[in-house]
Amino acid sequence: MYDLAGKRVYVAGHRGMVGSALIRRLSNENCEVVTVSRTDLDLLDQAAVRAWFIREKPDAVFLAAAKVGGILANDTYPADFLYDNLMIEANVIEASHRAGVGKLMFLGSSCIYPKFASQPIMENSLLSGALEPTNEWYAIAKIAGIKLAQAYRRQHGHDYISAMPTNLYGPGDNYDLRGSHVLPALIRKAHEAKLAGRSGIEIWGTGTPRREFLHVDDLADACVFLMQCYSEDEHVNVGSGEDVTILELAEMVMNVVGLDGAVSCDRSKPDGTPRKLMDAGKLRALGWAPRIDLRDGVARAYSDFLEMGETARGMAVA
Ligand code: GFB
């Protein structure tokens, strides 16, 4: 067991959707949460990160900082998704080693797995086949992060672990249709159609891909659970264990928002991976299970969306 009580715990990426959920979850732990703004520390700057870690000396690190985005953003900005994520993870993990950080969790993504991995996807499917082209850049960076954590565990004996969340949603999500993931995008599309008195929404692709979703507060709880009780080389899948088609998701979102009409498909946009349901057995066997089911989570996300101002929602055009 790793006891968080009395520890200085750095959350890298504390203003993001995952980071802010970790801040909320860690408020229930008797630990000192350490954060630093992007203006005060650029995680792409190796020297600055090294100096900050030597000065601040956190005991534990949640590495939730990353450049993230949906299928269109990943496909449009491959250099940014590969370079930024490689530099962030390399700088933070190496500086943690230099500063003697005792426990670190690297956060990756379910896109690390092969496009046609057998479903549900086991952790040992990693590197067993070709990646999905639209997000292989982000996937390669996240695979490198897993390997970095393993390398520092193997060479230096650090208790550095990795968690692989499925598609996430919840407070602080990105509702800019150019860069967002599907669930926030559909909430925005349905909401704006309802306001405009239109019926139905248009989705990208064919609507047939399947996706698994997990509310970010469940993820944060799983991360704290793993930080306290997991200390092994292999990464751990963190998912809900259930998936839906994008069409089923669109119908669920329209029902929550209160919008009638049909779902039309813009087939000029990519479908991406046909399915990426992860096997949740390893984490369940450790004793953790999610609490927020998808429909309840979508309703919570919509009320969060309504509370956000227009500027916080970002651009509406894709
Ligand atoms: O969530 P999403 O952008 O990313 O797309 P991925 C999921 C599915 O929803 C794709 C479809 O088949 C999209 O074509 N979709 C339908 C839409 N309508 C929309 C829409 O309006 N906006 C968006 N964004 N999608 C991401 C990776 O893959 O998964 C990231 O690109 C990360 O790197 C994330 O790993 C967890 O699930 O396909």
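Both ligands and their constituent atoms are indexed starting at 1 by order of listing.
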(message) Using a strict threshold of under 4.0 Å (side-chain N to carboxylate O), is an ion pair present between D176 and R313?
(response) no

(request) Could you verify whether a donor N or O on one side chain and an acceptor N or O on the other, from E94 and Q46, lie under 3.5 Å apart? (result) no

(message) Under 6.0 Å from the ring centre and within 45 degrees of the ring axis: does the NZ or CZ of K147 meet both conditions for the six-membered ring of Y152?
(response) no

(request) State plainly whether the residues E234 and K282 are in salt-bridge range, i.e. N to O under 4.0 Å. (result) yes

(request) For a side-chain contact (heavy atoms from CB on, under 4.5 Å) with M87, tell me which candidate from N85, D84, N91 qualifies. (result) N91

(message) Between the side chains of R154 and D233, is the shortest nitrogen-to-carboxylate-oxygen separation below 4.0 Å, so that they form an ion pair?
(response) yes

(request) Taking only heavy atoms of the protein into account, state which residues are under 4.0 angstrom from an atom of ligand 1, in chain and number order. (result) G69, G70, I71, N74, S109, C111, N135, Y138, N167, S180, H181, V182, A185, K189, I203, W204, P209, R211, I246, P270, D271, K276

